[in-house]
> 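First the structure, which I've put down as structure tokens, then a few questions once you've had a look.
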Amino acid sequence: MESQITRFCSYCGSPVQMVTAGGSVCPMCRSPIGSSPPSWSGPEPASAGTPPPWSLGTALALLAFFMLTMITLPPFMIGIWAQTKGLSLTLENMEELMNNPQAALIGVIGVGVVHVLTMFMAWTVVTGWRRRFTEVIAWSWHPRFRFRQALLTVILVYGSSFLLQMFLPSGATEFEELIKTSAAVRLGVAFLAVATAPFVEELVYRGVLYPSLEARLGRVPAIVGISALFALVHFPQYAGSLLVLVSLTLLSLVLTAVRAYTGRLLPCFVIHFVYNLVGATLILLDGRLAS
């Protein structure tokens with residue numbers, strides 16, 4: 001028996017009213033199960049012309065929550081640790097304190113806590129406690145953009161960064177100083193880079209914020225805006241290296257373009273995950289060689 005409730009197309013993620021035993025399929029994509037839509041001449045973003053079920057203000061509030069907790073929670077946890085050690089925490093001695101391996105590790109743990117809290121808030125925004133999470137954010141592959149295309153994209157991004165290092169300067173960064181603190185810090189950073197960072201960042205920037213901006217401003221301004229915002233948020237960590245900043249901006253632009261091209265979030269997550277996996281592996285190998 002069919003029910004007239006709003007669901008999302010299994011192929012393109014567009015809202016549909018028809019629900020069948022085989023799942024939700026919009027008229028454009030309806031085809032035999034297991035085959036690609038015959039009328040699909042090219043990828044069509046799922047969110048084009050369709051505002052998400054949350055407002056732009058809500059999306060910006062989620063981003064503000066993510067940024068504010070990232071700025072305040074890790075230092076707060078370090079402050080509690082400092083109090084237990086009989087140390088004072090001030091703006092003047094924060095940099096010196098961060099050279100302490102235990103304090104640096106507490107800060108990394110604090111980032112993990114921020115990721116978990118942000119994922120919970122994003123889940124609340126996306127589902128409203130009544131919508132299906134994976135359908136709303138289009139957690140699926142595009143028929144013409146699957147894992148091998150995602151893997152090739154990572155290779156191209158890293159290849160571009162390799163070429164850029166011949167032209168752009170690369171100095172010491174705050175991030176590099178952090179991972180030199182201790183083996184435990186390197187392991188914690190590598191773990192977060194793979195286990196939580198790709199998901200939470202893709203969920204916030206390209207899962208929640210992008211479709212809101214696209215519905216309000218259009219596709220191209222949304223791609224530029226999200227790409228620039230993602231890069232700016234990472235600026236403090238990598239301010240000492242123009243090479244890293246340009247590479248991050250390139251990664252952000254590619255991820256957001258893939259989101260716009262496919263209308264899906266899963267390809268963006270996989271690209272981000274594999275990209276970070278390579279970086280985390282290099283961090284651990286570098287630490288092992290230096291020890």
Side-chain angles (χ1 to χ4, degrees), residues 54 56-82 89-91 93-126 137 173-181 184-210 212-213 225-241 244-245 247-249 251-252 255-256 265 268-269 272-273 275-276 279-280 283:
W54 55 83
L56 178 58
T58 300
L60 292 173
L62 175 64
L63 177 64
F65 174 84
F66 183 32
M67 295 174 65
L68 287 175
T69 51
M70 189 66 76
I71 292 171
T72 59
L73 187 57
F76 176 74
M77 293 177 62
I78 293 173
I80 294 177
W81 170 86
L89 178 63
T90 64
L91 293 176
N93 71 353
M94 171 62 82
E95 183 176 352
E96 179 182 353
L97 196 59
M98 283 303 298
N99 291 325
N100 184 297
Q102 292 185 13
L105 183 58
I106 294 296
V108 172
I109 294 172
V111 172
V113 174
V114 171
H115 285 175
V116 172
L117 291 175
T118 304
M119 282 189 278
F120 174 77
M121 296 298 294
W123 180 281
T124 302
V125 169
V126 171
I137 64 170
T173 65
E174 181 181 304
F175 179 78
E176 290 174 340
E177 295 300 318
L178 173 65
I179 61 176
K180 291 178 182 178
T181 308
V185 169
R186 282 193 298 274
L187 184 60
V189 169
F191 175 79
L192 292 182
V194 174
T196 59
F199 183 71
V200 71
E201 290 183 345
E202 290 310 308
L203 185 55
V204 170
Y205 290 100
R206 280 160 282 270
V208 173
L209 188 55
Y210 173 80
S212 302
L213 281 179
I226 295 296
S227 301
L229 185 60
F230 182 85
L232 286 174
V233 168
H234 288 80
F235 182 85
Q237 281 184 301
Y238 305 103
S241 175
V244 176
L245 290 174
S247 297
L248 272 176
T249 303
L251 173 65
S252 177
L255 288 169
T256 313
L265 190 63
C268 302
F269 165 75
H272 201 154
F273 173 82
Y275 183 92
N276 280 16
I283 288 173

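FYI, the numbering just counts along the sequence from 1.
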> Which pair of non-hydrogen atoms, one from Glu202 and one from Leu265, has the smallest distance, and what is that distance?
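What the structure gives for the nearest pair is O-CD1, 3.6 Å.
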> Tell me, do Val204 and Leu209 make a side-chain contact under 4.5 Å, heavy atoms counted?
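Not in contact.
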> Check the angle between the aromatic planes of Phe269 and Phe199 and answer parallel, tilted or perpendicular using the 30° and 60° thresholds.
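Taking Phe199 first and then Phe269, their aromatic rings stand perpendicular (interplane angle over 60°).
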> Do the side chains of Phe175 and Val189 get nearer than 4.5 Å, heavy atoms only?
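Yes, close enough: below the 4.5 Å cut-off.
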> Quick check: does any side chain N or O of Thr249 sit under 3.5 Å from a backbone N or O of Leu245, one acting as donor and the other as acceptor?
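Yes; judged by distance alone, with no hydrogens or angles, the pair exists.
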> First locate atom CZ of Phe273, then atom SG of Cys268, and finally report the distance between them rounded to the nearest 0.5 Å.
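Interatomic distance, Phe273 CZ to Cys268 SG, rounded to 0.5 Å: 15.5 Å.
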> Testing the basics here: between Ser241 and Thr173, what is the closest heavy-atom pair and its distance to 0.1 Å?
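Scanning both residues completely, I find the closest heavy atoms to be CB-CG2, 3.6 Å.
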> From Tyr210 OH over to Ile226 CD1, what is the distance, rounded to the nearest 0.5 angstrom?
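That separation rounds to 8.5 Å.
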> Taking the side chain as every heavy atom from C-beta outward, state whether Leu73 and Leu117 have any atom pair closer than 4.5 Å.
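A side-chain contact under 4.5 Å exists here.
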> Locate the shortest heavy-atom distance separating Ser227 from Thr256; write the atom from each residue and the value.
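Minimum heavy-atom contact is OG-OG1, 3.4 Å.
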> Could you measure the distance from the CD1 atom of Ile106 to the CD1 atom of Ile78? Nearest 0.5 Å is fine.
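Ile106 CD1 to Ile78 CD1: 8.0 Å, rounded to 0.5 Å.
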> In terms of heavy-atom contacts, does CZ of Phe65 have more than 12 from other residues, nucleotides or ligands at under 6.0 Å?
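Above 12, so yes.
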> What heavy-atom pair brings Leu192 and Pro198 nearest, and what distance separates the two atoms?
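Smallest interatomic distance, heavy atoms only, reads O-CD, 4.1 Å.
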> When rounded to the nearest 0.5 angstrom, what is the spacing between CH2 in Trp81 and CD1 in Ile109?
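If we round to the nearest 0.5 Å, Trp81:CH2 and Ile109:CD1 are 12.0 Å apart.
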> Which value, rounded to the nearest 0.5 Å, describes the distance between His115 atom NE2 and Thr69 atom OG1?
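So the NE2 of His115 and the OG1 of Thr69 are separated by 9.0 Å.
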> Name the atoms and distances for all side-chain donor-acceptor pairs under 3.5 Å in residues 229-240, with sequence neighbours left out.
residue : atom : partner : partner atom : Å
His234  : ND1  : Phe230  : O            : 2.8
His234  : NE2  : Glu201  : OE2          : 3.3

> For Pro74 and Gly110, work out which heavy atoms get closest and say how close.
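Minimum heavy-atom contact is CG-C, 3.9 Å.
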> If we ignore hydrogens and angles and just use 3.5 Å, is the side chain of Asn276 paired with the main-chain N or O of Ala193 as donor and acceptor?
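Looks like yes, one N/O pair under 3.5 Å.
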> Would you mind reporting whether Tyr205 and Phe66 have side-chain heavy atoms less than 4.5 Å apart?
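Yes, side chains in contact.
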> Sub-3.5 Å donor-acceptor pair from the side chain of Trp54 to the main-chain atoms of Val208, do we have one?
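Yes.
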> Quick one, Val185 and Pro101 - any side-chain contact, counting heavy atoms below 4.5 Å?
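A side-chain contact under 4.5 Å is absent here.
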> Which atoms form the tightest heavy-atom contact between Glu176 and Lys180, and what is the distance?
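That closest heavy-atom pairing would be O-CG, 3.2 Å.
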